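Accompanying notes for the structure given below.
Computed from heavy atoms alone, side chains included, the values below leave out hydrogens, waters and symmetry copies. This is a predicted model, so every value here is computed, not measured.
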Amino acid sequence: EGKDDRTSLTGDDIPADLFFARQTVPNACATQAILSVLLNNASSSPTESKKEGTTENGDANNASQTLEVGPMLTQLHSFIQSFPPDLRGEAIGASEEIRQAHNSFARPTSVFIEDNRPPQNDDDGEAFHFVAYVPHKTSGKVYELDGLKGGPILLGEYAKDTDAWWNVARAAIQTRIEQFGSSEIKFNLMAMVGDKRVMLQSRIQSAEEQNLGGIVVDDIKALLAEQDEKRTQWKRENDRRRHNYLPFCVELIKGLAKTGKLKELTEEARKTSLGKMHKRPKI
């Protein structure tokens, strides 16, 4: 990837109501990006959030909508809003609630806050690094928020109160991908959207109030059950990902060594691995 020579906004050039925080904790870029999206779409109060809310289908894409992020994030946002970006990052790193949420999805070897080493600089970068793309409702501009940069990066303008900010973000993302040419295909693009369960529960209530019949309600309940099953599966996968399998592996190796099978199985695995390497197409 070529060197990023785009200008990062600093000081008074950063809009006062645009939330940007420096990443001061290593290996926390994904959590930082999520917070950038949330806190730049957060309502100032629960009343405001319920008034504007999301659309009936749970779509949180409209740039004019706000989110109710809960009392903890609301209080944190209010407390650090007047801080400079580096102190905002320090405050995020010192939050026990954010630390617990981050570690609930991290592997046992991952750490958050305990590692006091400074984050890598822009040139070194992280192997996999997350940034956020957000619309700024007040000015009708789109910004890229990267905690390893000195400040936000202005990407362009869009028509306010529309979804057109997607076009600006899409162009910036495409340019970023093209910098790698065909040598890299590992990209991960995620969007923050409304919880479909909330929308489906609202549809069930509406259908029952309008006496639309059992078949309609049953169909919606079936969709709701699918969403619940997805989350059960996600929890199962996360539990397995976070489980420490090392003691089991050690005991397995000890058992194979005692039975005299370890050397034979190791040789077979080595041959299989070499065979797969030879079959790989050369780029």
Side-chain angles (χ1 to χ4, degrees), residues 17 19 30-31 33-78 95-98 100-106 130 132-138 140 142 158-170 188-243:
D17 56 347
F19 182 86
T31 297
I34 291 172
L35 288 173
S36 293
V37 174
L38 286 174
L39 297 184
N40 277 295
N41 289 276
S43 60
S44 58
S45 68
T47 303
E48 177 187 341
S49 175
K50 292 178 181 178
K51 178 176 65 176
E52 297 189 14
T54 57
T55 57
E56 183 180 351
N57 64 1
D59 184 3
N61 296 336
N62 193 305
S64 65
Q65 297 169 353
T66 57
L67 304 175
E68 181 180 351
V69 297
M72 192 283 290
L73 286 181
T74 298
Q75 292 173 8
L76 177 67
H77 189 198
S78 176
S95 170
E96 182 64 24
E97 292 89 346
I98 294 176
Q100 291 177 357
H102 174 92
N103 285 340
S104 69
F105 290 93
F130 286 91
Y133 296 89
V134 300
H136 184 238
K137 306 169 188 177
T138 307
V142 182
Y158 72 100
K160 292 192 289 185
D161 299 326
T162 71
D163 288 339
W165 76 273
W166 281 107
N167 297 325
V168 179
R170 183 185 297 114
N188 195 333
L189 181 61
M190 296 182 289
M192 193 168 294
V193 299
D195 189 338
K196 289 185 178 180
R197 295 175 299 175
V198 176
M199 176 269 293
L200 292 171
Q201 289 166 349
S202 176
R203 287 178 56 187
I204 290 174
Q205 181 179 355
S206 177
E208 290 176 341
E209 291 175 351
Q210 298 177 41
N211 297 319
L212 295 181
I215 296 179
V216 174
V217 173
D218 289 344
D219 288 344
I220 302 175
K221 287 182 177 180
L223 295 175
L224 181 60
E226 290 179 4
Q227 292 297 318
D228 289 335
E229 177 57 30
K230 279 185 179 181
R231 282 153 182 80
T232 300
Q233 180 64 24
W234 292 343
K235 183 180 183 305
R236 186 181 302 116
E237 292 174 353
N238 191 47
D239 289 341
R240 290 173 177 171
R241 185 173 59 85
R242 297 190 70 245
H243 183 75

Q.
My understanding is that only one of R231, E237, E229, K235 makes a side-chain hydrogen bond (donor to acceptor under 3.5 Å, both in side chains) with Q233; could you say which?
A.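 The passing option is E237.
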
Q) Does any non-hydrogen side-chain atom of E97 lie less than 4.5 Å from one of L73? A) no

Q: May I ask you to test the R203-M199 pair for a side-chain heavy-atom distance under 4.5 Å?
A: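 Side chain of R203 against side chain of M199, heavy atoms only: contact under 4.5 Å found.
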
Q) Does the side chain to side chain contact (heavy atoms under 4.5 Å, CB included) test come out yes or no for R241 and F105, once each step is laid out? A) CA-CA 9 Å; R241 185 173 59 85; F105 290 93; 3.9 Å; yes

Heavy-atom pair with the smallest gap, counting every atom of [X] and [Y]:
| X | Y | value |
| --- | --- | --- |
| K137 | Y158 | CA-OH, 3.8 Å |
| I98 | L76 | CD1-CD2, 3.6 Å |
| R242 | S104 | CD-O, 3.1 Å |
| L200 | I220 | O-CG2, 3.6 Å |
| A164 | A159 | CB-N, 4.4 Å |
| V217 | A207 | CG2-CB, 3.9 Å |

What's the separation between atom [atom1] in [X] and atom [atom2] in [Y], rounded to the nearest 0.5 Å?
| X | Y | atom1 | atom2 | result |
| --- | --- | --- | --- | --- |
| S36 | M192 | OG | CE | 9.5 Å |
| D218 | I204 | CG | CD1 | 9.5 Å |
| T74 | L39 | OG1 | CG | 8.5 Å |
| F130 | L189 | CZ | CG | 10.0 Å |
| R197 | K230 | CZ | NZ | 11.5 Å |
| D195 | Q227 | CG | CD | 7.5 Å |

(Q) For Q205 and Q201, which I'm curious about, is there any donor-acceptor pair between the side chains at under 3.5 Å? (A) no

Q: Start with the C-alpha distance between R236 and R240, add both sets of side-chain angles, then the distance that settles side chain to side chain contact (heavy atoms under 4.5 Å, CB included), and finish with yes or no.
A: CA-CA 6 Å; R236 186 181 302 116; R240 290 173 177 171; 3.5 Å; yes

Q | Verdict with reasoning, N40 to H136, per side chain to side chain contact (heavy atoms under 4.5 Å, CB included) | A | CA-CA 8 Å; N40 277 295; H136 184 238; 5.7 Å; no

